[in-house]
Amino acid sequence: MSKVLVVGCGGVASVAIAKICQNSKVFTEMCIASRTISKCEAMKEKWQPTTSVRITTAQLDANDKAQVVALMKSFQPEVLLHVGMPYHNLVLMEACVECGVHYIDTAAYEPENTDEPVWRAQYEKRCREKGFVAYFDYADQWSYFDKFAQTGITGLLGAGFDPGVTSVFTAYALKHYFDKIEYIDILDCNGGDHGYPFATNFNTDINLREVSAPADYWENGKWIGVPAMSIKKVYDFPEVGKKDMYLLHHEEIESLAKNIPGIKRMRFYMTFGQSYLTHMKCLENVGMLSTTPVMFEGREIVPIQFLKALMPDPSSLGPRTVGKTNIGCIFTGYKDGQKKTIYIYNVCDHQEAYREVGSQAISYTTGVPAMIAAALLATKTWKAKGVFNLEEFDPDPFMEMLNEFGLPWKVEENPVLVD
Ligand code: NDP
């Protein structure tokens, strides 16, 4: 009998919830808890008739540890699956330690206001020491390792697709294809079209903050920082076609640099269309991407939150998005002394995802792995105590469940390399 507490009820959560309902072999009860209770109740109404998993709902402010603890004490879950905002990761991790509940999230902690002086000073010090330029990292969450280990619980960080499945692909490549991996290029291609001139396909503020931030990559044991969107490549993706892609910082290159020794270079690329980039640049130039509150007509507003309120809700893009995603990793390394290269990837069709669960492929490719991670902890298939990234576990059960739950993957030998 496994009980899971799902925190958040947006685009990614709606897929994780649907997939938990499909996995009643593992999950017997689920509580959906989020800021807007009506959304949780709508989810319950949609999925309860399809499943034997008993669904309950709760109104929850994930910023308030006392509320989270009270909910966990009454619901008694084995696992808290956090698919809300990364601003709340640390509060939820604290609550998990207090209640002895496993913790999972899909994005690294970042504060809501990145100009907040205390956080900013600590962060800049850390960046100088590490040679890091991106504005989010895992240091705050990794520092919970001892508390989790002493409590006897597991924290799984970044259990979406990227980070998440890309981390598992790396562990799988190392287990089955290589003695040593030297180069990794992680490619995230969204070949989908929603018909809007400008919209984000997951949470608007996190997406815009990630894309407009300075980028970096790992080379020869150190971080190389470059301005946002300054490195562009074109790649011909299987089943999608040629797309422009840009180098970004991304969580998994930080954890892989720590956990996979001997990597000479690691880069992360994401595809963007020109319309998206032009809109984003204009908005950035006029200050609309700022996370610092400003006074407007006598009341305080946060520019990026105001922008988010005007833009299409990512969870409403499902019915109008057509095309496919192709996300995967190109690995180059050695097996039995022979140099080799493979591309491990998944292709996900936006409309097929929408027909199955009512969401587009970006939410689908994140929500499915989040459920798999929860199932692997609930069944004690993955059971180390402490705080971890997904590449630190046996990848095989996860890879099998990707095939079973809608994200089949392929291995291509000798793919075209990113130059
Ligand atoms: P959404 O904006 O659709 O959903 C966020 C949810 O969090 C909403 O339900 C929102 O409630 C809820 N929420 C916000 N504040 C609070 C609060 N104080 N207390 C309780 N609930 C709150 O985001 P997405 O579903 O698109 O993204 C979810 C997460 O997944 C993000 O962290 C994102 O970065 C991550 N992600 C990870 C990917 C990966 O591959 N690893 C890929 C894509 C996304 P309300 O409904 O009231 O607004």
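Quantities reported herein were computed from a predicted structural model and do not represent experimental measurements. When a ligand or atom number is given, it counts from 1 through the structure's own listing order.
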Check your understanding: Can you find an N or O of Cys9 that's nearer than 3.5 Å to an N or O of ligand 1?
Key -> yes

**Study point:** Residue, atom name and distance, where the atom is the protein heavy atom closest to atom 25 (O) of ligand 1
**Key:** Val12 N, 2.8 Å

Practice item. Please say whether Ala107 places an N or O atom under 3.5 Å from an N or O atom belonging to ligand 1. Key: no

Practice item. Check Thr106 against ligand 1 and report side chain, backbone, both or neither, counting heavy atoms closer than 4.0 Å. Key: both

Exercise for review: Count the heavy atoms of every other residue, nucleotide or ligand shown that sit under 6.0 Å from CZ of Arg54, and state whether that count exceeds 12.
Suggested key: no

**Study point:** Protein heavy atom at shortest distance from atom 11 (O) of ligand 1
**Key:** Ser34 OG, 3.6 Å

Review point. For ligand 1, is any non-hydrogen atom under 4.0 Å from Val83's backbone (N, CA, C, O), its side chain (CB onward), both, or neither?
Key: backbone

**Study point:** Neighbour count >12 (heavy atoms, 6.0 Å) for atom NZ, Lys383
**Key:** no

Review point. Atom 47 (O) of ligand 1: which protein heavy atom is closest, and how many Å away?
Key: Thr36 OG1, 2.4 Å

Point to revise | Atom indices of ligand 1 within 4.0 angstrom of Pro163 heavy atoms, with elements | key: 41 (N)

Check your understanding: Hey, does Ile206 come in under 3.5 Å of ligand 1, counting only N/O atoms on both sides?
Key -> no

Exercise for review: Assign the ring pair Tyr172 / His176 to parallel, tilted or perpendicular, where the plane angle (0 to 90°) is split at 30° and 60°.
Suggested key: tilted

Check your understanding: Quick one: does Ser315 get within less than 4.0 Å of ligand 1, heavy atoms only?
Key -> no

Practice item. Could you tell me whether some N/O pair between Asp162 and ligand 1 is separated by less than 3.5 angstrom? Key: yes

Review point. Would you say the side-chain atoms of Thr291 and Thr114 include a donor-acceptor pair closer than 3.5 Å?
Key: yes

Point to revise | Protein contact of atom 7 (O) of ligand 1 - nearest heavy atom, named by residue and atom, plus distance | key: Gly84 CA, 3.4 Å

Exercise for review: Take Lys25 and Glu404 through the salt bridge (charged side-chain N to carboxylate O under 4.0 Å, His left out) test and state the conclusion after the steps.
Suggested key: CA-CA 13 Å; Lys25 266 193 324 222; Glu404 185 185 349; 3.5 Å; yes

Practice item. Check whether any side-chain heavy atom of Cys282 sits under 4.5 Å from a side-chain heavy atom of Met288, and report yes or no. Key: no

**Study point:** Closest approach of any protein heavy atom to atom 33 (C) of ligand 1, naming residue and atom
**Key:** Phe202 CD1, 3.9 Å

Exercise for review: Would you mind running through ligand 1 and noting each atom that sits below 4.0 Å from a heavy atom of Leu60?
Suggested key: 19 (N), 20 (C)

Point to revise | Least distance between heavy atoms, Cys329 atom then Ile186 atom | key: SG-CG1, 4.0 Å

**Study point:** Matching residue for His250 among Tyr217, Phe268, Tyr269 - test: ring-ring contact (aromatic ring centres under 6.0 Å, His included)
**Key:** Phe268

Review point. In terms of residue, atom name and distance, what is the protein heavy atom nearest to atom 23 (O) of ligand 1?
Key: Asn203 CB, 3.3 Å

Review point. Heavy atom of Glu210 under 4.0 Å from ligand 1?
Key: no

Check your understanding: Do any nitrogen or oxygen atoms of Arg35 come within less than 3.5 Å of a nitrogen or oxygen of ligand 1?
Key -> yes

Exercise for review: For Lys39, counting its heavy atoms only, list the atoms of ligand 1 lying under 4.0 Å from any of them.
Suggested key: 45 (P), 46 (O), 48 (O)

Point to revise | Where ligand 1 meets His88 - atom numbers and elements under 4.0 angstrom, heavy-atom basis | key: 15 (N), 16 (C), 17 (C), 18 (N)

Study note, to complete from the structure: Residue, atom and distance of the protein heavy atom nearest atom 4 (O) of ligand 1 read Gly10 CA, 3.4 Å

Check your understanding: Are side-chain N/O atoms of His194 and Asn201 paired as donor and acceptor at under 3.5 Å?
Key -> no

Revision key, fill the gap. In Tyr103, Phe145, Trp142, the residue satisfying ring-ring contact (aromatic ring centres under 6.0 Å, His included) with Phe388 is Phe145

Exercise for review: Answer yes or no: does an N/O atom from Gly11 fall short of 3.5 Å to an N/O atom of ligand 1?
Suggested key: yes

Study note, to complete from the structure: Exactly one of Phe132, Tyr183, Trp223 clears ring-ring contact (aromatic ring centres under 6.0 Å, His included) with Trp218, and that residue is Trp223

Exercise for review: Measure the distance from atom 5 (C) of ligand 1 to every protein heavy atom, then report the residue, atom name and distance (to 0.1 Å) of the closest one.
Suggested key: Met85 SD, 3.9 Å

Point to revise | Atom indices of ligand 1, in the order listed, that fall short of 4.0 Å to a heavy atom of Pro86 | key: 32 (O)

Review point. If you measure every N/O of Asp313 against every N/O of ligand 1, is any gap under 3.5 Å?
Key: no

Review point. If only atom types and distance count, is the side chain of Thr154 paired as donor or acceptor with the main-chain N or O of Ala384 below 3.5 Å?
Key: yes

Point to revise | Any side-chain donor near an acceptor of the partner, Gln22 and Glu356, under 3.5 Å | key: yes

Practice item. Return yes if a side-chain donor-acceptor contact under 3.5 Å exists between Glu29 and Thr56, otherwise no. Key: no

Point to revise | Side chains of Asp394 and Lys175 in contact at under 4.5 Å (non-hydrogen atoms) | key: yes

Study note, to complete from the structure: At under 4.0 Å between heavy atoms, what of Asp105 touches ligand 1? The answer is neither

Exercise for review: Run the numbers for me: atoms of ligand 1, each under 4.0 Å from some heavy atom of Ala62, listed by number.
Suggested key: 17 (C), 18 (N), 19 (N), 20 (C)

